[in-house]
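Numbering of ligands and ligand atoms starts at 1, following listing order. As a basis for the values below, the full set of heavy atoms in this structure was taken, side chains included, without hydrogen atoms, waters or symmetry mates.
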Amino acid sequence: MCNTFLEGVFNRSLNYVTAVVAFMIKILGNEMITKLCAAGHALGWLILGFTTISAEAAQPLQPVELRCEYLANPVGIDVVQPRLSWVLTVKPVNGLGRLFGSRDDSRGREQTAYRILAASSVAKLAADQGDLWDSGEVASDETAQIVYAGVTLTSRQQCFWKVVVWDEHRRKSAWSDVATWEMGLLQPQDWLGSWIGMNLPTPTGDLAANPAPFLRRDFSVRSGIKRARLYASGAGSLELHLNGQKVGGNRERDPGYTDFNKRVLYVTYDVTPLLRPGVTNTIGAILGTGWYDVHDVAVWGFEHASWRGRPRLQLVLVVGYNDGETQVLASDNLWRATSQGPIRSDGIYSGEIYDARREMPGWDEPGFADDSWQAADVLPAPAGKLTALRCPPIAMVKTIIPQAITQPQPGVYVVDMGENFSGHAQLIVHGPAGTKIQLRYGECLATNGMVDRSSISEFMPPPRPFQTDAYICRGSGTETWEQRFSYSGFRYLEVTGFPGQPTLDNFRGRFAHTDLEPAGEFSCSNEGLNQVQRATVQSYLCNAQNIPTDCPTREKNGWTGDAHLAAEAGLMNFHSAAFYTKWLDDLKDNQLADGHIGVIVPTADWGLGDCQPAWDSAYPLIAWDLLEYCGDRRILAEHYDRLRLYVDFLAGQTVNGIIAKTDSLGDWCPWSTETPSQLTATAFFYEDARIVSQAAALLGHAEDAAKYAALAEKTKAGFNAKFFDATNNSYANGSQTALAAALYFGLVSPARQSAVLGNLAQQVETLGHIDAGILGAKWLPAALSAGGRTDAAYLMVAHANQPGWIAMARDSKTLWEQWREPHSRNHIMFGSVSGWFYQWLAGISSDPAQPGFKHIIIQPQPVGDLTWVKAAYDSIRGPIVSNWSRQGGRLTMDITIPPNTTATVYVPAENEMSVTESGRPAAKVPGIKFLGLGRGAAAYAVGSGTYKFSSLVPRCL
Ligand code: BGC
């Protein structure tokens, strides 16, 4: 009570002083104050002093960027106890801090308590009535993964929430802005309608017999609508329309891809603005085959999927009125359907055939005569459980202007989009009715200037259509068209049958991928590495297609190895935790009863039935990444039994602690030296056992923790017994990957650590480049850096020719499948290097002992010819910045540590005497604690805030 009173007096006094200062600034103006200061005038300094003091002392922490289950204001989630998070910021009072261009200098800021209110209406929340949940004041420094613990949430419940926090001085923030989340349909009985579609014959490669059903239904709503939600599930893909407008804006291929026997996704759209009260409304749907009804025959066998069926949908439109009444419209056999629409075929691999002469203007609006349509067929529900999509949707995110057009053969035009991407080509054409235009998509050109797709042929031999569309003109007006249900990976578009001579204006590229929010930025003085960074981001997005894929061009498969190698880069460059959370559910669904996981997930059954730890370890590895990057313990709890089952399965595949299989997938796509796959598989097995042991410890399963730790130790012993070459301090055949695997996973005995590291560094230095595949590409830079040899890692990563990342990125602006002339030019599996940029060149990582960036490690590495690095990472606890530059022998580091976190900052320096922070000896600055000197750096413990360190760079760097 007394505290609160004093706090009030203190804050009010400061506010008063602040107001006076603000008034004087207004009267005098900034320039005048600066002049007064320059002239040594006391008034200027007085105001400036007050400004600084008030800016520091009077700024309570403010919670912003509220999220629920990693998403901003999600609609239609089905996690019944969702997790909430926020980020803390220091708001300058009246903007005073900014007036002098000063930084926010407040440091060591902490949250000591929070209170969350969740209410069923904005009004209740505004009146501070948490009728759903009032957490009360919770003494805690936690800002993420806070589990909702209010009243049991029911279907469609809207939750409005806000949070207030107390800082280290027990000062209270203002309430945050209001955020929301909304529940989806939680009970099977909420789905009042039926699954509907058209009972058409199953296509068997004859594309003409694969029309996409169009469905429609008229209905009316009255006035006084409060909110309307459309809950829609589709097996295959869905495009919904309401009163002539596409539902969901730029979203596409909803609801997403799963093993339809296990889970079928649904999405929730806010359609309130699309309804027209008092008149007839029309809802329409187009059904695509997607991954449910794959008829394209290819090696992966999706055409044999046991879940396969004709496309179908189930939806419920719930209209809530202001007077409390609810109106429901569901999918049933009162819907009308036709197979006579313009989409004559769609295939996820093959492409689409669209006959615009068959368009049905007004089909999705009231008044359309649907007499020739038939009643929709009620179809059986897919076997999987209806589950809400829990990550951002796929969306058409960017329109690309093509760069060039050529005519390599009479009547064949090749459009160069200027970049390799995933999505569609948009065709804009005027042409006589019936003109058939063919579009073929590819990544590169043959010597004759035609689009070269030979690398795809082994998977889908011609004449099977692959990434090929046909558009047949309707013959009136400007016709604009692009694929709806398929997507292609391409840079070049080959066009035949175009009426007349096309120009660039007849085409656009449309980049479509899971709509992930950027989280990181990295750049440095080596332009080659910047190209690699941009290429990684591009390839990562191209391969984010509701699942992490290998390539958008050829396979579109969720290759597990590719996914785990790129996951850390993905988590640093994008807010991708929700995306991986969804895919971990896919991995869980995919696991067989014996613990076994397929190499592609989802799979129809291709790639199942084999022991492939280097790929399947995606399951434990990504679950663990989510703990490290986001502090996500729940994911470990949810998957714990399955992760254990997986490790038990692997244990059953070992002899003397070694994975027995000698030909499992290993260091795929190496440069010239191969590494025995038994070594890499066993290294993964060791890591998997360690993860399960640590997860067990975190979750309180002490017995398991000990059991799996013992298994890991046994594996380590077996690994060293079999592969360690004590004479040469080497492993197996001494390949870069073999040594890096042992170092990266901590398999080397401490006594041999530096000898093995030295051996690896020397190999790299002698060769001057990487000689490894995708596994080595992740482990080598990380292992060298962790051992203090970022100089050798940099030499390898900055190598400008083949084999190297720069050579790939320079040519195609995407990453390749191989170091050499590749089959695919848009694979993400070499993209792990971007994670290394952040973790080592900028030096931003999370302390494993306090995961989710609660304690941050900053350890920049000014190596080689690098003169500067800039990196920012929007962590789950707020933005972290690590910028450094080097001039002569001096290094300057600009660091930002978010409020409520702490950091250990390693400042490269010969000795601590040369280290300053904002011009003062660093060790003497209040709030900065010198921890010691080691490995060419002085270590300091700091709290949150912005710091400018400067040092004399050690001579060895
Ligand atoms: C895929 C890869 C994958 C590999 C493993 C390839 O065809 O494109 O990315 O990891 O096979 O066998």
*Pairs in or reaching into residues 551-564: which pass salt bridge (charged side-chain N to carboxylate O under 4.0 Å, His left out), with residues at least two apart or in two chains?*
Arg554-Glu817
Within the protein, flag every N or O under 3.5 Å from an N or O of ligand 1, and note the pair and distance.
{"residue": "ligand 1", "atom": "7 (O)", "partner": "Arg554", "partner atom": "NH2", "Å": "3.2"}
{"residue": "ligand 1", "atom": "7 (O)", "partner": "Glu555", "partner atom": "OE2", "Å": "2.4"}
{"residue": "ligand 1", "atom": "8 (O)", "partner": "Asp550", "partner atom": "OD2", "Å": "2.8"}
{"residue": "ligand 1", "atom": "8 (O)", "partner": "Arg554", "partner atom": "NH2", "Å": "2.7"}
{"residue": "ligand 1", "atom": "8 (O)", "partner": "Glu555", "partner atom": "OE2", "Å": "3.3"}
{"residue": "ligand 1", "atom": "8 (O)", "partner": "His827", "partner atom": "NE2", "Å": "2.8"}
{"residue": "ligand 1", "atom": "9 (O)", "partner": "Asp562", "partner atom": "OD1", "Å": "3.4"}
{"residue": "ligand 1", "atom": "9 (O)", "partner": "Asp562", "partner atom": "OD2", "Å": "2.4"}
{"residue": "ligand 1", "atom": "9 (O)", "partner": "His827", "partner atom": "NE2", "Å": "3.0"}
{"residue": "ligand 1", "atom": "10 (O)", "partner": "Asp562", "partner atom": "OD1", "Å": "2.6"}
{"residue": "ligand 1", "atom": "10 (O)", "partner": "Trp615", "partner atom": "NE1", "Å": "3.1"}

*asked:* Is it the case that the side chains of Asn557 and Thr549 hold a donor-acceptor pair, with the cut-off being a distance below 3.5 Å and no angle test?
replied: no
*asked:* Can you confirm if the aromatic rings of Tyr619 and Tyr646 lie within a centre distance of less than 6.0 Å?
replied: no
*Looking at Phe490, Tyr492, Tyr540, which hits ring pair (Phe, Tyr, Trp, His ring centres under 6.0 Å) with Phe421?*
Phe490
*Verify the distance criterion only: is there a donor paired with an acceptor across the side chains of Tyr441 and Asp469 at less than 3.5 Å?*
yes
*Would you find more than 12 non-hydrogen atoms of other residues, nucleotides or ligands less than 6.0 Å from Lys262 atom NZ?*
yes
